[in-house]
**Student:** 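Can you read through this structure? Questions will come right after.
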Amino acid sequence: MNPRYNPRTIESEWQRKWDESRIFQPDISDKEKYFITIPYPYLNGNLHAGHTRTFTIGDVIARYRRMLGLNVLFPMAFHATGTPIIGLAELIAKRDPETLRVYTELHGIPDDVIAKLDSPESLVEYFGMESEAAMRLIGYSIDWTRRFTTIDPAYTKFVEWQFNKLHELGHIVKGSHPVRWCPNDENPVEDHDLLHGEGANILDYTLLKFKLASDVSDVSDVSDGSGRSDEWILPCATLRPETVFGVTNLWVNPDIVHAKVTVNGEQWIVSEEAYRKLTHTDKVVRKIGEIKGEDLIGKTVENPLINHNVLILPANFVDPANGSGIVMSVPAHAPYDYLALRDLKGANLGKYGISDDISDLKMISLISVPDMGEFPAIEAVDELGVSNQSDPLTEQATKLVYRREFHNGVLKENTGKYAGIAVSKIKDVLTSDLVERGVADIFYEFSELPVVCRCGTTCVVKMVKDQWFVNYSNPEWKDQVYAHLADMQIIPEELRVEFENKIDWLKDKACARRKGLGTRLPWDNEWLIESLADSTIYMSYYIISKYLDRIDVSQLTPAFFDYVLLGKGDARNLPINEDLAKQIRADLKYWYPVDIRSSGKDLVPNHLLFFLFHHVAIFPKEMLPRAIAVNGFVSLEGAKMSKSKGPLLTLKHAVTTYGADVTRLYILGTAEHTQDADWRSESVNNNQKQVEKFYNLVYRVISDPEADEPPKIIDKWMMSRLQHRISETREALEVLRTRHALQNAFYLLMHDLKWYQRRGGVSSLKAVAHVWIRLMAPFMPHICEELWKGIGEDGFISLSEYPAPDPNLVDRCAERAEELVENTLDDIEEIIRVTSMKPERITLFTAPAWKNTVLKQALIASRSGKLDMGALMKELMQDPEIKKHARDVPKFVQQLIKDVRTWDAAQVNNRLEGLDERAVLSEALEFFERELGCAVAVLDADAIDATDAARDDLDPQGRRKFAEPGRPAIYVKDTN
RNA sequence: GCGGGGGUAGCCAAGCCAGGUCAACGGCGCAGGACUUAAGAUCCUGUUGUGCAGACAUUCGUGGGUUCAAAUCCCUCCCCCCGCACCA
């Protein structure tokens, strides 16, 4: 064994031995099994620090369970379906400079390699290879014999089977759905496809149809004018349809040209932009003409709900890109409308043919809000001091009104049958009423504008028609998932409510796409199965993938999957060999269900949910997953990582820089559960030193000859502490608190060991080391294998038994004894520090017998629940030995009772055992002298009387009277 | 807006569910010391304030409350992070 820690050599050596010995390639056996899976990584880049965290947690679980004696299966595969790999291949093929930079500099792809990665296949091949190499480099105990990628023909068969199943079960339905859409690419766009508007949601506006009271067929018309009636509709898009009852006018931008269009047989006037948006909806739309905004001003329209004609007024704030380009005005409740109207007062509108004084326009209030008057818009404007419609404060005023009205507002009498309904409840009810009556439509619009695709095109909301959906909204299905969730372990437990909420919130999800890699829908070949949908139950495929070298793709028939996965049918009637089929079926029954699925927290609202839904749909109860664990992200020096922009730290880079064990230790020890971990190179360096220290310490222990000293109190203490560390570590690992586990298994234990050595302990070192390296093996497997060999053990530490606490070695008295020594040392040091003395000699006085008697009586009283000052005093005073000190007893008892009351039963019992403090301190005298650099003596406070004390200068200040059980009196004699 | 998580000493970060031994684990940084020719490494001590005897005072986002006792329980308010989808 090398006296110097050399991670590179150690790590590659043990990785080779693990691989050669195939110890991580389990077969079914009589042993209890444990099946752990981690979501496979997507192959559009190299593995980074985020993957490192999730996978390392998985590996620790695998290694820990293996050392607990379970037969552990930890497989891995790669995800390639979907669009990003195609997108990346295109960018590389185009020699996009930014992409080339990111992938060479951040992902570490050599210059001569990247040029060849211009096809999806080459990317999958390359990143698959690199990812496996990286995972081997960090020492994961993965069974690589089961590896696959999701574009393998065999996997495709599996996905087809799965979707046919779901289809049969009625979980796949057809429908329409609004998506963000790029008209140029003719494809839905994702966040990372966007130049602007990444945060934009799709909102459902209500489109209210105001009928134009006059015919505008001929006004500024440039169209063919064929086949139209004289009825024109001006639709207004609003998020607050109830305010239709308060409309006083419409706003039209006089400076823009509007489109005349037919929409499902009706004639509408909307902005040019709105027309374009309408063409992507499920409506039949045709442009038939144009009309200038100014030609509409001054005309009147009819409110679709109430018999009330209102005027169209000019407004420059109307944005043609937003909604329909026509806006309804509700000045009582909308600050913009109120201000625009106010600004218009007194203006000459004669050029629009408006002769009426618009000051006469009556505001209509339709919502009553507590603490606000009739016109909340006016109040908000006044409250915030908004000056005019272009004041940025208008936005705030709008929000203020909305918030108050939405939460506390109630509809007034003038809303007819809706009167009395809370504003927060009205939208859906009213909209569906209006749509039914034909006076409104739903119109989808982005919450933020503009939304621009990377190609530069402005995106729209498109209604994708005849789309295939997984009907997650099905209440019965949800109930089943919900019920199963209750039986599962969720780590951390706080996330359970999150899962419950998400199950509740989940709606139908489109599961087919036009573009990307993947499997075609078996019954509708035009569609590709969406890439989250094809990766929900693939954990079962790991069982099959092991045998694919013996099976032809054509043999992977529905009957085959039915048999091996569900046990349906007869093994004799399958395209493959009967024994093989039975073998696979036996494997599945042995390994399934998944015991734990551990993943990053980003997958909670999607993959992990689908994982549950699909399992519940397809598999019987006993095959459903048992636990889900979730961990947080990793940032780099405080900055968020980004695969496509940086900063990025690849797994490979981390391991080659710091070593596998150091990387593992750091990533596991820096955060736990859903907390995000921050990777700081400075801290990693420090970790590196700690690992070295660990190696050197254990190496020394191994090389030093066995100590033949008899065990002392400190040895009992060390072994006792070790048991606590073991328990804490195991308990933490059970719930994947890796940081807590490491605090105990590594740092605190190292701390204990240092104290032990400082106290002169030697004879337990070998025993502790033997436990310690096993305790650390799941976290730092390579170094521990090396030390395990060094300590003289044959075989792999990876297959050794994980340390279990031995209750017989827990020694409370030894711990209390050590506490006494430590506290006494602290006290002495504090005295020296505060008084700035240079000690010549120190005398410790242990408590006199009577005080110990009092304590004992108090403890007994406390145990029987009758700790009471009066009763205790009475009892004590019957003891002549105590009565001798009658003057000091009450004060001591009073303080003591206070202390005893804060102790729980265990502490009380423990203290009842008593401790020979003089013996403990005597054994530590040498230690005290070494630490303090002067002579130290310990005496019983009873042992000397006043004359002795004065004569021998043992205790000239009478310190010994302060001696108490657990707290010896201290006399420090100064040199001066 | 809805849902989830969180605010602890210069920084990171335990503790909070099961109130008391919490001036508050641990680490980093910083300061001092030991060792060394020196540096590094290692070890020790300190790091809210006061204090010439082991103590006291004030602290755990804010303001209240419950309690003999609150970082921990209850309420108010403020602030930060994440998700809200058809995307892996």
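Remember, predicted model here, so these are calculated numbers, not experimental data. Letters A, B, ... mirror the listed sequences (proteins, then strands); counts begin at 1.
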**Student:** Hey, what do you get for CZ (Phe499(A)) to CG (Asp504(A)), rounding to the nearest 0.5 Å?
**Tutor:** 14.5 Å

**Student:** Can you pull every protein N or O that's under 3.5 Å from an N or O on nucleotides 42-46 of chain B?
**Tutor:**
residue	atom	partner	partner atom	Å
C43(B)	OP1	Lys693(A)	NZ	3.2
C43(B)	OP1	Lys754(A)	NZ	3.2
C44(B)	O3'	Arg758(A)	NH2	3.4

**Student:** Could you give the CD-to-P distance, from Glu964(A) to U21(B), as a whole number of Å?
**Tutor:** 17 Å

**Student:** Using a heavy-atom distance cut-off of less than 4.0 Å, which residues of residues 603-610 of chain A contact RNA chain B?
**Tutor:** Pro605(A), Asn606(A)

**Student:** Name every donor-acceptor pair, under 3.5 Å, that has one atom in a side chain of residues 40-50 of chain A and the other anywhere in the protein, sequence neighbours excluded.
**Tutor:**
residue	atom	partner	partner atom	Å
Tyr40(A)	OH	Tyr155(A)	OH	3.2
Tyr42(A)	OH	Ile85(A)	N	3.1
Asn44(A)	OD1	Lys643(A)	NZ	2.9
Asn46(A)	ND2	His107(A)	O	2.7
His48(A)	ND1	Gly50(A)	N	2.9
His48(A)	NE2	His51(A)	ND1	3.4

**Student:** Pick out the pairs of N or O atoms, protein on one side and nucleotides 7-14 of chain B on the other, that lie under 3.5 Å.
**Tutor:**
residue	atom	partner	partner atom	Å
A13(B)	O2'	Arg739(A)	NH2	2.5
A14(B)	OP1	Gln675(A)	OE1	3.2
A14(B)	OP1	Gln675(A)	NE2	2.8
A14(B)	OP2	Gln675(A)	NE2	3.1

**Student:** Which word best sums up how the rings of Phe611(A) and His607(A) line up, parallel for under 30°, tilted for 30 to 60°, or perpendicular for over 60°?
**Tutor:** parallel

**Student:** Show your reasoning for whether side chain to side chain contact (heavy atoms under 4.5 Å, CB included) applies to Phe928(A) and Val821(A).
**Tutor:** CA-CA 9 Å; Phe928(A) 283 132; Val821(A) 172; 3.9 Å; yes

**Student:** Please figure out whether Ile828(A) or Ala80(A) has its closest RNA chain B nucleotide nearer the 5' end.
**Tutor:** Ile828(A)

**Student:** His740(A) vs Glu728(A), test: side chain to side chain donor-acceptor pair (under 3.5 Å). Steps then yes/no.
**Tutor:** CA-CA 8 Å; His740(A) 192 73; Glu728(A) 282 284 323; 2.8 Å; yes

**Student:** When Asp955(A) is tested against each of Arg960(A), Lys973(A), Lys961(A) for side chain to side chain donor-acceptor pair (under 3.5 Å), which residue passes?
**Tutor:** Arg960(A)

**Student:** Can the ring centroids of Phe746(A) and Phe694(A) be said to lie less than 6.0 angstrom from one another?
**Tutor:** yes

**Student:** With sequence neighbours excluded, what pairs up with Glu964(A) under the side chain to side chain contact (heavy atoms under 4.5 Å, CB included) test?
**Tutor:** Lys851(A), Phe892(A), Arg967(A)

**Student:** For the pair made of NZ in Lys601(A) and C1' in C84(B), what is the distance, rounded to whole Å?
**Tutor:** 15 Å

**Student:** Shorter than 3.5 Å, N or O on both sides, protein versus nucleotides 56-60 of chain B: list them out with atom names.
**Tutor:**
none

**Student:** Kindly say whether Ile202(A) contributes a backbone atom to a donor-acceptor pair with the side chain of Glu445(A) at under 3.5 angstrom?
**Tutor:** no

**Student:** Which residues, if any, of residues 741-753 of chain A bring a heavy atom under 4.0 Å of RNA chain B?
**Tutor:** Gln743(A)

**Student:** Hey, where does RNA chain B pair up into stems, meaning at least three consecutive Watson-Crick or G-U pairs with distances under 3.5 Å?
**Tutor:** B:1-7 with B:78-84, B:10-12 with B:26-28, B:29-34 with B:42-47, B:48-50 with B:55-57, B:63-65 with B:73-75

**Student:** Please list, chain by chain and in numerical order, all residues satisfying salt bridge (charged side-chain N to carboxylate O under 4.0 Å, His left out) with Glu498(A), sequence neighbours excluded.
**Tutor:** none

**Student:** Please report the distance, rounded to the nearest Å, between CD1 in Ile503(A) and C1' in A85(B).
**Tutor:** 16 Å

**Student:** Verify whether the ring centers belonging to Tyr472(A) and Phe613(A) lie closer than 6.0 Å.
**Tutor:** yes

**Student:** Which part of the nucleic acid, if any, lies within reach of Val834(A) when heavy atoms closer than 4.0 Å are counted: base, sugar-phosphate only, or nothing?
**Tutor:** base

**Student:** Would one find a side-chain N or O of Ser531(A) under 4.0 angstrom from OP1 or OP2 of A88(B)?
**Tutor:** yes

**Student:** Checking Arg53(A) now: which residues fulfil side chain to side chain contact (heavy atoms under 4.5 Å, CB included) with it, not counting sequence neighbours?
**Tutor:** Ile57(A), Asn631(A), Val634(A), Ile667(A), Ala671(A), Ala677(A)

**Student:** What residues, two or more places apart in sequence or in another chain, satisfy side-chain hydrogen bond (donor to acceptor under 3.5 Å, both in side chains) together with Arg911(A)?
**Tutor:** none

**Student:** How is Ala533(A) classified with respect to the nucleic acid when contacts are heavy atoms under 4.0 Å: base, sugar-phosphate, or nothing?
**Tutor:** nothing

**Student:** How many Å lie between CH2 on Trp505(A) and C1' on C2(B), as a whole number?
**Tutor:** 12 Å

**Student:** Using modelled atom types only, decide if a donor and an acceptor are shared between the side chain of Lys601(A) and the backbone of Thr674(A) within a distance under 3.5 Å.
**Tutor:** yes

**Student:** Tell me: CG of Asn685(A) to P of G27(B), nearest whole Å?
**Tutor:** 18 Å

**Student:** Report yes or no: is the cationic atom of Lys174(A) (NZ for Lys, CZ for Arg) under 6.0 Å from the centre of the six-membered ring of Phe469(A), at an angle within 45° of the ring normal?
**Tutor:** no

**Student:** Show every donor-acceptor pair shorter than 3.5 Å between a side-chain atom in residues 822-834 of chain A and any protein atom, with sequence neighbours excluded, or say none if there are none.
**Tutor:**
residue	atom	partner	partner atom	Å
Asn823(A)	ND2	Glu819(A)	O	3.3
Thr824(A)	OG1	Leu820(A)	O	2.6

**Student:** Just how far, in rounded Å, is P of C86(B) from NZ of Lys509(A)?
**Tutor:** 8 Å

**Student:** Is the NZ or CZ atom of Arg959(A) positioned over Tyr971(A)'s six-membered ring, under 6.0 angstrom from the centre and within 45° of the axis?
**Tutor:** no

**Student:** What about Asn501(A), does its side chain sit under 3.5 Å from the base of G3(B) through a donor-acceptor pair?
**Tutor:** no

